[in-house]
Amino acid sequence: MSQDKITSILKEDRKFTPPESFAAQANLTPELYKALKEEADRDYEGFWARLAKEELVWDKEFDTTLEWEPPFAKWFTGGTLNMSVQCLDRHLNTANHNKAAIVWEGEPGEQRTLTYAQLHSEVCKAANALESLGIKAGDRVALYMPMIPELAISLLACARIGATHNVIFGGFSANAIRDRVEDSECKLVITADGGWRRGKVLKLKEKVDEALNQGCPSVEHVLCVKRCDNHVIWNDDRDIWWHDIMPKQKTKHTPDSFDAEHPLFILYTSGTTGSPKGVVHSTGGYALWSKISAKWVFDLKPQDMYWCTADIGWITGHSYIVYGPLQNGATTLMYEGAPNWPEADRFWDMIERHRVSIFYTAPTAIRAFMKWGDEHPEAHDLSSLRLLGTVGEPINPEAWMWYHEKIGDSSCPIVDTWWQTETGGMMLSPVPGVTTTTPGSATHPLPGIQAAIFDSEGNEMPRGEGGFLVITKPWPSMLRTVYKNPERFKNGYFGRFEGVYFAGDGARTDDDGNFWILGRIDDVINVSGHRLSTMEIESALVSHDFVAEAAVVPREDDLTGQAIVCFVTLEEGDEGDALRAELSAHVVKEIGSLARPAAIHFTDALPKTRSGKIMRRILADVAAGRQPGDVTTLEDSSVLEKLRTIANETV
Ligand code: PRX
């Protein structure tokens, strides 16, 4: 945590109250908001039980609201339901029947609209197709797909038959696919020949083939959507075209009902040490919170055109492109490609053409838009917008103000939503008709969420002081475990404070009780809102024959929030740009292009403590072009000379 950053953030005192016109029509009024908070404080379980009964369609009502044996929670036990019914069947034969559920735009410009009735038929067909391939409730299915409607259809089809989906972001490498598919022992991989990105085809099927050639013995079939018509290698015994199997299926499918605790999905996320963690989410609790958090924070209304620009490969896409909006009967816009293709105004052009009213994106994207120039948003009519949101990393006040003025015409509330893969849904966020916002702060916990800031002993910190951000009570959409690794779940999230969830982030509150996120306090780098483990990048580097040792630290970056800086000691080979490029390509191959290093420095040795721990603090200084600070615990101070030179060259 950088003290400078804390101080500068605290100087921020601009305040924005909800515009009157917005507040007057909001789903949550100040009175309702206050009543919800009071209800949750008065009777925590009763609060959640009431919402679960009102918001979800239960096939069998639950007996118990919460069984809490720290750190293991079970919500709504005894109850059974089906997530695809919450998203689809419940809207049939209502006013939503012929309403657009998904409006999709491909990068080359094609458009497809699926009404709730049509999406239901497609999901039923896909559910029948999966069953015909032998997929049953409890089986795991990996999805490695571009942002096309078939991805949402596949998600919902898995949910319908109780298969646990495991979405792997389409930018990940073959090795990353293999690790995730092997860890979760998937029986089926759903993919596509390719996906469009900046006018080029990302060859997805090829990556899946590469992963399966390396291992993944559990995989019986690969189901492949034809998207780009690029050449693919076909394995007749294993591979099936989506367009061959789907037309044979019935458009009706009777959904089974699953236990509220049935695992809806696994999503892998980087941890502080070792391999990625399979975060497991439930059905009932996740359904409830993804639904009501979307309704409260996005103020979803029947006439809204809602657009979240995330990829479904991340939790944001799961909760707020698919499950949250569809459960609310909203229209969700889905876009396949890059924000600057064919031009830097693609997003603004889409907002104008689709009359987008709610827009949810990441601070890293906002900083890129600022850099590309105001002329791009200025060339478009953005008057349909009424609410803006951000997620993924702290938003710096300059970016917040730009978003507010240039995109929101100074009249749209901004919801800066703090949450995580593990939390399943938003935890800290303004509620747009209620909360007074300050640029850079995610403001307050949502009703029902009990957040606090602890010191290292577990005492609550006084206002104004930084500490560990914790959630003191279980909540319905919390992760249930780390797949096949309950110990890791226990130690990783509940190891620091007993019975209390530690998010891994530092935070502080201000005089108004607003929460300010201060970034990760462990060794995770947040590049463009994506969490990458320093350990994973280090082990990728060390897997190169020439590398002896590697340490990876974050450096602040105007565009991506944080950037990856690597320090490498060599066993052989020549220090120079050729090897730098080779190592960089090696990391990309092992992990994916998100992990491309911003800088690679060669050094004779890494700075270590006497106990052999790498002193990342010193490396972080050097990476930022600062001379190393306190070096008294350093084992061998001769390494400093080279590091000082690197720091000088970096300035
Ligand atoms: O450090 C916080 C940061 O992103 C982390 C969670 O990353 P991930 O699981 O990939 O989920 C991202 C999308 C929900 C958090 O621990 N983060 C997320 N949102 C914010 C944030 N930091 C500051 N402000 C936010 N609004």
Side-chain angles (χ1 to χ4, degrees), residues 1 5-6 9 167 169 171-172 265-272 276-279 281 286 289-290 293-294 297 308-321 323-324 360-367 388-397 399-400 403 414-430 435 437-446 449 451 466 468-471 477-479 482 492-493 501-508 514-533 536 554 560-562 594-595:
M1 278 187 269
K5 202 165 159 193
I6 296 169
I9 281 174
V167 184
F169 171 60
F172 275 128
F265 64 89
I266 303 171
L267 187 58
Y268 283 83
T269 185
S270 298
T272 45
K277 296 179 276 199
V279 167
H281 279 289
Y286 176 80
W289 191 236
S290 55
S293 58
V297 174
C308 164
T309 68
D311 190 292
I312 293 175
W314 310 111
I315 189 71
T316 307
H318 282 60
S319 302
Y320 300 116
I321 295 178
Y323 291 120
Y360 190 39
T361 196
T364 186
I366 297 169
R367 288 191 293 268
L388 303 174
T390 76
V391 59
E393 52 185 314
I395 179 164
N396 42 314
W400 196 102
Y403 198 32
I414 295 181
V415 288
D416 172 358
T417 62
W418 175 87
W419 57 293
Q420 307 178 296
T421 306
E422 294 86 343
T423 67
M426 303 181 274
M427 304 297 276
L428 305 176
S429 173
T435 314
T437 54
T438 294
S441 166
T443 71
H444 305 285
L446 288 167
I449 302 303
F468 302 89
L469 176 59
V470 296
I471 314 291
S477 67
M478 67 190 279
L479 79 164
V482 170
Y493 303 102
Y501 174 83
F502 171 48
D505 284 344
R508 63 192 299 155
N514 287 310
F515 283 71
W516 295 81
I517 307 296
L518 306 172
R520 308 286 305 165
I521 65 162
D522 53 21
D523 296 330
V524 169
I525 300 188
N526 191 326
V527 182
S528 300
H530 303 311
R531 261 160 76 178
L532 298 166
S533 149
E536 260 193 301
T560 57
Q562 289 187 328
L594 272 178

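Both ligands and their constituent atoms are indexed starting at 1 by order of listing. Everything quoted here is computed from the prediction, not taken from an experiment. Only heavy atoms go into these numbers, but all of them, side chains included; no hydrogens, no water, no symmetry mates.
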Any donor-acceptor N/O pair, Gln562 side chain to Asn526 backbone, under 3.5 Å
yes
Please work out, at 4.0 Å between heavy atoms, whether the side chain, the backbone, both, or neither of Gln420 comes within that distance of ligand 1.
both
When you look for heavy atoms under 4.0 Å from ligand 1, do you find them on the side chain of Leu428, its backbone, both, or neither?
neither
Any donor and acceptor pair, going by atom type alone, linking the side chain of Ser319 with main-chain N or O of Gly424 inside 3.5 Å?
yes
Closer than 4.0 Å to some heavy atom of Asn526 - which atoms of ligand 1 meet that?
3 (C), 4 (O)
Name the closest protein heavy atom to atom 25 (C) of ligand 1, giving the residue it belongs to and the distance to 0.1 Å.
Glu393 O, 3.5 Å
Does Tyr493 reach the side chain of Met478, with side-chain heavy atoms less than 4.5 Å apart?
no
Is there a side chain to side chain contact (heavy atoms under 4.5 Å, CB included) between His281 and Tyr323 once you walk through the steps?
CA-CA 13 Å; His281 279 289; Tyr323 291 120; over 6 Å; no
For the residue pair Val391 and Met426, establish whether any side-chain heavy-atom pair is separated by less than 4.5 Å.
no
Could you tell me whether Thr390 and ligand 1 have an N or O pair separated by under 3.5 Å?
no
Kindly compute the distance separating CG (Asn514) from OG1 (Thr438), expressed to the nearest 0.5 Å.
5.0 Å
Sub-4.0 Å atoms of ligand 1 with respect to non-hydrogen atoms of Gly392:
3 (C), 4 (O), 17 (N), 18 (C), 19 (N), 20 (C), 21 (C)
Ranked by distance from atom 15 (C) of ligand 1, the top protein heavy atom is Asp505 OD2, 3.2 Å
At what distance, to the nearest 0.5 angstrom, does OG1 of Thr560 lie from CD1 of Ile525?
10.0 Å
Testing Ile315, Ile266, Thr421 for side chain to side chain contact (heavy atoms under 4.5 Å, CB included) with Val279, which one passes?
Thr421
Name the option, out of Ser319, Gly529, Pro394, Gly504, that contains the heavy atom nearest to atom 23 (C) of ligand 1.
Pro394
Once you round to the nearest 0.5 Å, how far does CH2 of Trp418 lie from CZ of Phe515?
9.5 Å
For ligand 1, which atoms sit closer than 4.0 Å to a heavy atom of Thr421?
8 (P), 9 (O), 10 (O), 11 (O)
Answer with yes or no whether Ala442 contacts ligand 1, where contact means a heavy atom under 4.0 Å from a ligand atom.
no
Contact (N/O only, under 3.5 Å) between Thr316 and ligand 1
no
Between Tyr360 and Thr417, is a side-chain hydrogen bond (donor to acceptor under 3.5 Å, both in side chains) present by the stated rule, with each step listed?
CA-CA 10 Å; Tyr360 190 39; Thr417 62; 2.6 Å; yes
Of all the atoms in ligand 1, which lie at a distance below 4.0 Å from a heavy atom belonging to Val391?
13 (C), 14 (C)
Close N or O approach (Thr269, ligand 1; < 3.5 Å):
no
Output yes when the distance from some N or O of ligand 1 to some N or O of Ile517 is under 3.5 Å, and no in every other case.
no
Nearest protein heavy atom to atom 7 (O) of ligand 1, by residue and atom, and its distance?
Arg531 CD, 3.0 Å
